[in-house]
**Student:** 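Sharing a structure, written as structure tokens. Questions coming.
Counting starts at 1 for both ligands and their atoms, following the listed order.
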Amino acid sequence: MSLPSALKFANLPTKIEKLDRLSKELGDVEIYIKRDDQTGTEISGNKIRKLEFAVKEALEQKCDYLITCGGIQSNHARATAAIAARLGLKSYLVLRGTREDDIEGNYFLDKILGADIKFIAPEDYRERRTDIMLELADELNRKGHKAYVIPEGASNGIGTFGYYRAMEEILKQEVDLGFKFDAIVTAVGSGGTYAGLFYANLAYKNSAKIIGFNVCDDSSYFKERIKNILEDSFKYTGERIEFSKDDINIMDGYVGKGYAISSPEEIRFIHRFAKLEGIILDPVYTGKAMLGLVGEIEKGKLKHYRKILFIHTGGIFGVFSKKDMFFL
Ligand SMILES: *Cc1c(COP(=O)(O)O)cnc(C)c1O
């Protein structure tokens with residue numbers, strides 16, 4: 001299948017490492033981690049893989065402004081600001097909330113990377129973020145710019161190919177490792193990462209189960225959302241793959257107090273994991289997803305899976321805005 005073309009910014013392939021001590025604690029299971037938190041520094045995390053495709057399309061359309069949206073600590077918004085600056089483009093970030101006096105984490109990086117920033121109220125974010133981005137694009141276009149709008153998380157048809165490619169990368173790495181993973185696990189926030197992994201897993205008729213842990217909304221919301229993202233991506237390749245929504249495996253139960261809200265239990269888990277394995281998970285996505293994975297294994301729900309690959313999708317800068325919770 002021929003994929004759309006892409007820019008090359010991420011440090012690829014990202015390493016796959018075994019989590020020796022966690023695996024031992026859980027017994028009878030081997031957990032590996034794919035270090036997509038090491039795709040880069042300013043661009044670190046999963047969003048760069050999707051942006052490599054989306055921003056290529058923006059350049060092909062001769063755009064000079066990237067507009068996107070997210071929460072105040074959005075990893076995706078920060079990666080967009082970084083790639084825009086790397087390419088000599090401008091970025092405009094529509095962030096949910098009001099300006100925080102504490103200029104911290106990703107928001108701090110957005111500012112030093114030169115992004116234009118507009119804050120909008122949570123209800124406007126929920127109901128009107130796309131319209132608001134399109135209005136901004138109109139305004140910039142009237143001033144002689146050409147704006148390209150990237151949806152939340154770059155989770156659309158074009159962005160999906162980032163994790164299609166990542167799945168191909170995993171299949172190659174399995175050859176070197178000499179074994180295959182029974183399950184591949186990711187956090188799910190806007191669905192594009194899951195969609196790309198799922199798409200390539202189907203296209204290659206690979207036997208692994210792709211398991212997502214949602215960090216907002218619920219499983220039925222994401223089954224629908226991921227189906228729609230995939231429909232959108234089939235338009236790019238001209239090849240549709242048949243699947244049932246029920247093949248999309250999203251595990252409910254680990255959203256906790258809500259999107260980007262941490263509980264003391266989650267923070268304690270991130271802290272314990274850091275000391276155990278020397279790897280920092282983030283409070284919004286990977287901390288909840290890894291807690292979910294460990295929780296499901298402990299409940300005996302994943303017994304059929306002996307070799308599990310967890311994708312560390314990044315988010316390191318998000319820990320700084322929660323630092324006070326680590327030492328309560
Ligand atoms: C955005 C994000 C995710 C979720 O990926 P989606 O493709 O939006 O579902 C997971 N982890 C981190 C660190 C992220 O920034």
**Student:** Hey, does Asn75 come in under 3.5 Å of ligand 1, counting only N/O atoms on both sides?
**Tutor:** yes
**Student:** Once ring pair (Phe, Tyr, Trp, His ring centres under 6.0 Å) is applied, do any residues pair with Phe320, and if so which ones, sequence neighbours excluded?
**Tutor:** none
**Student:** Counting heavy atoms only, which of Phe317, Tyr163, Tyr285 is nearest atom 3 (C) of ligand 1?
**Tutor:** Tyr285
**Student:** Between Tyr285 and Tyr259, what is the ring plane arrangement, given parallel below 30°, perpendicular above 60°, and tilted in between?
**Tutor:** perpendicular
**Student:** What protein heavy atom sits nearest atom 4 (C) of ligand 1, and how far away is it?
**Tutor:** Gly189 N, 3.5 Å
**Student:** Which of the numbered atoms in ligand 1 are under 4.0 angstrom from any heavy atom belonging to Lys50?
**Tutor:** 6 (P), 7 (O), 8 (O)
**Student:** For Asp282 and Ile270, work out which heavy atoms get closest and say how close.
**Tutor:** O-CD1, 3.7 Å
**Student:** What atoms in ligand 1 come closer than 4.0 Å to a heavy atom of Thr313?
**Tutor:** 10 (C), 11 (N), 12 (C), 13 (C)
**Student:** Quick one: does any side-chain atom of Glu277 pair with a main-chain N or O of Arg21 as donor and acceptor, under 3.5 Å?
**Tutor:** yes
**Student:** So, is Gly153 polar-close to ligand 1, with some N/O to N/O distance under 3.5 Å?
**Tutor:** no
**Student:** Please identify which atoms of ligand 1 are closer than 4.0 Å to at least one heavy atom of Val188.
**Tutor:** 9 (O)
**Student:** So is Gly191 polar-close to ligand 1, meaning N/O to N/O under 3.5 Å?
**Tutor:** yes
**Student:** Assess, by modelled atom type and distance only, whether the side chains of Lys180 and Asn206 contain a donor and an acceptor separated by less than 3.5 Å.
**Tutor:** yes
**Student:** Using a 4.0 Å cut-off to any heavy atom of Gly315, which atoms of ligand 1 qualify?
**Tutor:** 13 (C)
**Student:** Verify the ring-centre separation between Tyr194 and Tyr199: is it less than 6.0 angstrom?
**Tutor:** no
**Student:** Mind listing the closest non-hydrogen atom pair of Ile43 and Arg78 along with its distance?
**Tutor:** C-NH1, 3.5 Å
**Student:** Before we go on, tell me: are the rings of Tyr65 and Tyr148 under 6.0 Å apart, centre to centre?
**Tutor:** no
**Student:** Is the ring pair Tyr164/Tyr204 parallel, tilted or perpendicular, if the boundaries are 30 and 60 degrees?
**Tutor:** tilted
**Student:** Using distance alone, determine whether Asn46 and ligand 1 share an N or O pair under 3.5 Å.
**Tutor:** yes
**Student:** Using a 4.0 Å heavy-atom cut-off, say whether Ser155 meets ligand 1 through its side chain, its backbone, both or neither.
**Tutor:** side chain
**Student:** Is the shortest N/O to N/O distance between Tyr194 and ligand 1 below 3.5 Å?
**Tutor:** no
**Student:** Before signing off on this row, confirm whether Asp282 and ligand 1 have an N or O atom pair separated by under 3.5 Å.
**Tutor:** no
**Student:** With a cut-off of 4.0 Å, which atoms of ligand 1 are near a heavy atom of Gly314?
**Tutor:** 13 (C)
**Student:** Taking distance alone, with no angle check, do Ser190 and ligand 1 share an N/O pair under 3.5 Å?
**Tutor:** yes
**Student:** Distance alone, cut at 3.5 Å: any donor-acceptor contact between the side chains of Thr80 and Lys47?
**Tutor:** no
**Student:** Mark the output for Lys47 as yes if a heavy-atom distance to ligand 1 is under 4.0 Å, and as no if none is.
**Tutor:** yes
